[in-house]
Amino acid sequence: MQECHFILLGATGDLALRKIFPALYRASLSGLKPTITACARSPLSTQEFIRHLSIKAKEYVKDLDPTAWESFTTYVSYTPLDLTKTKDFQALKATHPNTIIYFSIAPEFFAKACQNLAAVGLNAPGVKIVLEKPLGTNLASCQEICRQISQHFKEEQIYRIDHYLGKQSVQNLFYLRANNPFLAGLLGASYLDHVQISVLETLGVESRGGFYDPMGALRDMLQNHMLQMLALATMPANTPIEDMRQVKLEMLKSLKPLNEESLKTQVVRGQYSASQNFKGYKQEEQVSPNSQTETFVALKLELDHPNWQGVPFYLRTGKRMGASLVQVVFVFKGPTQTLVYTLQPQCSLKLQLQGMGALKSALDAGMDAYERLILEVVAGNQALFNHQNELEAAWSFIDPILESWQKGLTPLLSYPAGGFGPEAAFALLSKDNRAWITHV
Ligand code: NAP
C-alpha cells in the first residue's frame, strides 16, 4: 500500500467528478491509499459532499464495486474554501510527507492559490502541485502564469498535465519505434514521404461553449496535445525515459516557424455551420452568434532536424467531423504504402504495403490516462508532464498563427457540421499531390 495525501482544489467541478475521483478510486483498487481533502467554494459538509460524489460515481465509474467505493470514501473529507481568501487556507494541513495538491480550477486562480498555499506553508519541499491546462492563451500569458507560480514552487514540485501523455496509446508513438529498431529505421526521412496527424471529433462543443469559445481548436487541441504527439512520434528512438522531456523540447524547438507567406498558404481555419442533422457553431449554447472562433484547423509544418529533413507533417483537428478518430499516418515514398497508427476509437496498427492486403493488429490502450498520471505524481516521476520550456516552445510556434488570424490574414471558412472540414483543408494536400488518409 502506497500512502499519500491528496488535496483536490475544485473538487465539486466537472473534471474532478468525472475524471479525477474515478481515477483515484481505481488507483486505490490497485494499491494506492490516498487520504483526500476535497476543497471547493460550496458550503457542504463532508457527508453532503460524499453523498454528491457517490451519485456522480455511479455515472462516471465503470464497474463500481459498492463495498470498495464505501471504503474509498472513508478517506475523503471536505473543506469549504474560497481560493481568494488566505484565511480559508488555514484549515489545510499536509498530513503526509507525500502531499499532492491538484489544481482542478480555472487558471485565473492559479497564482492566488499558490500564494495562499505558501502563506500556510503548503509549498514546503516535497509538496507537489498538479496543474490542469490551459496554462495561458499565448506565449506571454503562459510565461506570466509560470512566473507567478515559480515565486512559490520550484520546477521539481510542479506537474503540468497534458492528459494525452498519460495515454498508453500516445506513449506508444515513441515506444513503437524505441522497442522495434527496424521501424525506427523506416519511420524517418529516408523512407517517408510525409506524416499526417488527425484528431477528429464527431461531437460539437456540447454544453462547454462558454469554455470553448474563447479558446478554439488551435489552443484547445493543437498547441498542446497534437504538438506533444508530434514530438513523441519524431524524437530519436533511443532516447532514455529520463531524457524524454529534454528531447521533446528539442523536437518542439525544431518546428520551423511559419513565415508571412506560409501563414497564409499552410494554415486553414474553419468553423462548422448548420447542416441537415446539426446546428451550426454560432447557434450553440453559450457561443456568441458572431463568434470568429475556429472549430477546425489544418496546417502543414516541417522540422528543422537532421532526422526529418524534407518530411512535411500535415496536422488537422476539428469538431463536428464525419468521424471520431485519433490517427497518425506514416506515408512512405512510392505508391500506397502506409503505416496507420490509430489511437482512438480502438488502438491499432495497420501496415498497408503495395500488392498485399493490409496487416492489422489490435493493441491494448492500457490504463486510464488520469490514473496513470496520478500514480506518476505519487511516485515523483515528472517524465510524463510538461516542462515550462516545452509549453513556451509550443507557444512560440503557435503565437504567429494567432497573430496572423487577429490581423485577419487567414479567412475563417465554414464547413458543414458532420463533414471533414473546409475545401481548403483538402487543397492543402492536393496542391502537393497528396490526400488526407482517413482509416475509420
Ligand atoms: P468547473 O466545473 O467550472 O469547476 C470549477 C471548480 O472550481 C468548482 O469546484 C468550483 O467550486 C471551484 N471554484 C470556482 N471558484 C472558486 C473559488 N473562488 N474558490 C474555490 N473554489 C472555486 O470546471 P472544470 O470543468 O472542472 O475545470 C476545472 C479546470 O480544469 C479548468 O481549468 C479547466 O480548463 C480544466 N480542464 C477541464 C476539463 C474538463 O473536461 N472539464 C478538461 C481539461 C482541463 P464550486 O462549484 O463549489 O463553486
Side-chain angles (χ1 to χ4, degrees), residues 6-24 36-46 48-53 55-56 59-60 76-92 101-117 119-120 122 129-137 141-142 145-146 148-149 159-167 170 199 201 203-217 219-226 228 285-286 317 319 368-370 373-374 385-386 391:
F6 206 89
I7 298 175
L8 179 50
L9 307 177
T12 53
D14 172 69
L15 183 71
L17 297 169
R18 203 161 45 82
K19 292 284 183 192
I20 304 171
F21 274 109
L24 283 166
I36 303 169
T37 307
C39 307
R41 202 171 28 177
S42 305
L44 302 170
S45 66
T46 290
E48 285 166 329
F49 177 72
I50 291 177
R51 201 175 307 133
H52 179 59
L53 180 63
I55 292 168
K56 293 290 177 185
E59 194 179 335
Y60 296 134
V76 178
S77 63
Y78 182 81
T79 301
L81 165 152
D82 187 326
L83 293 163
T84 61
K85 294 189 179 144
T86 310
K87 70 171 177 33
D88 287 5
F89 283 71
Q90 282 157 4
L92 294 182
I101 306 171
Y102 198 115
F103 288 41
S104 185
I105 51 177
E108 68 239 38
F109 290 117
F110 283 8
K112 193 71 190 157
C114 285
Q115 193 188 333
N116 285 334
L117 287 165
V120 297
L122 271 170
I129 56 171
V130 183
L131 306 179
E132 269 296 339
K133 70 158 200 180
L135 273 167
T137 53
S141 57
C142 171
I145 294 188
C146 291
Q148 291 174 339
I149 295 166
Y159 293 70
R160 300 177 191 85
I161 288 241
D162 180 327
H163 76 273
Y164 264 50
L165 293 179
K167 293 175 190 260
V170 172
V199 178
E201 296 174 90
L203 291 177
V205 288
E206 311 307 298
S207 58
R208 295 181 60 76
F211 160 79
Y212 192 85
D213 206 37
M215 294 285 286
R219 290 185 172 107
D220 187 44
M221 195 56 89
L222 204 136
Q223 181 272 339
N224 38 53
H225 308 317
M226 292 183 78
Q228 285 290 324
E285 247 174 70
Q286 299 169 42
T317 182
K319 289 196 177 287
D368 164 77
Y370 274 92
L373 291 174
I374 284 170
F385 297 84
N386 288 151
L391 299 183

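We count ligands from 1, going down the list as the structure has it; atoms in each ligand are counted the same way. All residue numbers in this chain count up from 1 along the given sequence.
Going from atom CD1 of Ile161 over to atom CG of Asn224 covers 12.5 Å, rounded to the nearest 0.5 Å.
Side chain to side chain, Lys167 and His225 fail the donor-acceptor criterion of an N or O pair below 3.5 Å.
Cys114 has its side chain within reach of Phe103: a pair of non-hydrogen atoms, C-beta onward, lies under 4.5 Å apart. Taking 4.5 Å as the limit, every side-chain heavy atom of Leu9 sits out of range of all side-chain heavy atoms of Phe109. Between Asn116 and Leu81 the shortest side-chain heavy-atom distance does not fall below 4.5 Å.
Within 4.0 Å of ligand 1, protein heavy atoms come from Gly10, Ala11, Thr12, Gly13, Asp14, Leu15, Arg18, Ala40, Arg41, Ser42, Leu81, Asp82, Leu83, Ser104, Ile105, Ala106, Pro107, Phe109, Glu132, Lys133, Pro134, Arg208, Phe211.
Listed by chain and residue number, nothing satisfies the ring-ring contact (aromatic ring centres under 6.0 Å, His included) test with Phe89 (two or more places apart in sequence, or in another chain).
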